[in-house]
Peer 1: 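Once you've had a glance at the structure underneath, I'll fire off some questions.
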Amino acid sequence: MAKSTIISAYSVHPDQKSSEAIVNTNWLDVYSSTRKDIYLLSSFNNYRYISGKRQLQKKLRLITFLYKQSKGVGKFFYSLSNKIYRILSGSKYSLQIALWINKETRVLDTLLKDGDVVWSRILPVVSLQPILNVFKIKAFPFIVNVNDPINPSVFDKNNLNAEQLTFLETKNIAQAWTFPSSKLADRMADNYDLDRKRCFVIPHAMRQVEDLYIRNLKKKSINILYTGTFYKSAFTEDFKNSLIAFCKLEQIVNVNFIFVLSQYDEASISWLKTSIPNVTLKFKLDRTEVLKLVKQADCMFVVDSILHTELLKGKLIEAIAFGIPVFAITYKKSIMDKVVVAYGSVSAYQDTKDDILNKLNLFISQINDLQWLNTFYKERRTVLNLISEDYITQATKQVNEFALGRFRVNELEQNDVVAPNHLNWP
């Protein structure tokens, strides 16, 4: 068994506010509840998790200061200093990131003991750099978790960019890679010639909710909630026209659309107000406020871009963890489609004429139908079991032990260890 787990994850919540940060923190919260000793290297602070409790270990004060200067009143002076640094050093990284890499490389080198397993959680790819630096000095077992493809719309094996080249360095030295979906694992293994037998699927994690959603049939209103980024590639004209048409139907009288946006622009706001005249818009809420709204929702909207069909969205897992019905705007045979259908909810397809409108209209009547609700309550259990804390913890432990075992037998030039062969959902 691995002694300690050391994790390099630049983005963690609340230090960072991104979706990657939330996904990483959710996984850490679940996994750390069964581990006595986890050390985390992150953007502005280092933490130690002891039996599920996160304790601040070290503040990276200079790095935090430089980051704040780059975004605030010292932006000009930071920009000048950064330009001088990059000219003199020839670094591909900014001054702040370079200092972070240097600091965390020294921390990792000091922490690392025989029997420890190291994880890197990307994006961003910079999470890998301290691990790669230390590995040049002394070998150790490490695992790379990839939540999203690197530069998803650009891939040319003969013309890799800096981030892709950094990831490629893991090909012959990492013991395993994990992904939130099988399709993403397939794509990354094919792109970078990874050993697919060492590419495992561990769905995004979420702490279990004890009181799962149960529809109050006495309540007339239906709260439909969307949270996250407004992706222009996902909010298509067909989707917009479907919403406009739905808002002209009688059923709209009891439907409340609430959109909580973390990233948006004026065009996004205009898109929503044109599509849904009575829409409620909220912006950049604290995570605790968002989760309160999730708990009050009767349905979660999750929306797929044609560019994201192989991804498992953290927002989808968030809705499932609360047991809330999901209305997915997606594409046939996408990962989202696969999960939502298994969960007993509704997938409407962006590229099928009137499918969104027709299914949304039907769903509004089903959400008050006791027979449909009872079927949903039963079917959702299948997916809830596959994202449960126990499942995520056990899957993570199995990959951890595989990586440690494979590293040790390779060091002794013995036969390879057997890889877990069931970690390929969704």
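Computed from a predicted model, the values in this text were never measured in an experiment. The first residue in the sequence is number 1, and the count goes up from there.
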Peer 1: Under 6.0 Å between ring centres: does that hold for W271 and F239?
Peer 2: yes
Peer 1: In terms of side-chain heavy atoms, does S388 have a donor or acceptor partner in D390 at a distance below 3.5 Å?
Peer 2: no
Peer 1: Among F167, F155, W177, find the residue that satisfies the side chain to side chain contact (heavy atoms under 4.5 Å, CB included) test when tested with M188.
Peer 2: F167
Peer 1: Would you say S127's side chain and Y10's backbone share a donor-acceptor pair under 3.5 angstrom?
Peer 2: yes
Peer 1: Can you say whether the rings of F301 and F327 are parallel (under 30°), tilted (30 to 60°) or perpendicular (over 60°)?
Peer 2: tilted
Peer 1: So, do F230 and F259 have ring centers that fall under 6.0 Å from each other?
Peer 2: no
Peer 1: Pairing donors with acceptors under 3.5 angstrom, does anything connect the side chains of T396 and W119?
Peer 2: no
Peer 1: I'd like to know if the side chain of N256 pairs up with that of D298 as donor and acceptor (distance under 3.5 Å, no hydrogens or angles considered).
Peer 2: no
Peer 1: Would the number of heavy atoms belonging to other residues, nucleotides or ligands and lying under 6.0 Å from NZ of K68 be above 12?
Peer 2: no
Peer 1: State which residue, out of I7, I38, T393, fulfils the side chain to side chain contact (heavy atoms under 4.5 Å, CB included) condition with S32.
Peer 2: I38
Peer 1: Hey, can you tell me if F257 and F246 have their rings parallel, tilted or perpendicular (30° and 60° cut-offs)?
Peer 2: perpendicular
Peer 1: F235 and Y226: aromatic ring centres closer than 6.0 Å?
Peer 2: yes
Peer 1: Under a plain distance cut-off of 3.5 Å, with no hydrogens placed, do T352 and K359 share a side-chain donor-acceptor pair?
Peer 2: no
Peer 1: Between D116 (side chain only) and L112 (backbone N and O only), is there a donor and an acceptor less than 3.5 Å apart?
Peer 2: no
Peer 1: Are there over 12 heavy-atom neighbours, none belonging to Q55, within less than 6.0 Å of that residue's CD?
Peer 2: yes
Peer 1: Just checking K232: does its NZ atom have more than 12 heavy atoms from other residues, nucleotides or ligands closer to it than 6.0 angstrom?
Peer 2: no
Peer 1: Which residue in the set Q16, R61, K59 passes side chain to side chain contact (heavy atoms under 4.5 Å, CB included) when paired with F44?
Peer 2: Q16
Peer 1: Roughly how far, to the nearest 0.5 Å, is the CG atom of D238 from the CG atom of D354?
Peer 2: 9.0 Å
Peer 1: Hydrogens and angles aside, do D304 and Q350 bring a side-chain donor and acceptor to less than 3.5 Å of each other?
Peer 2: no
Peer 1: So, Y213 versus Y377, ring centres under 6.0 angstrom or not?
Peer 2: no
Peer 1: How close do P14 and R54 get, counting heavy atoms only, and between which atoms?
Peer 2: CD-NH2, 3.1 Å
Peer 1: Whether the T178 and N145 side chains hold a donor-acceptor pair (N or O, under 3.5 Å, no angle test) is what I'd like checked.
Peer 2: yes
Peer 1: Can you classify the ring geometry of W372 versus F376 as parallel (below 30°), tilted (30 to 60°) or perpendicular (above 60°)?
Peer 2: parallel
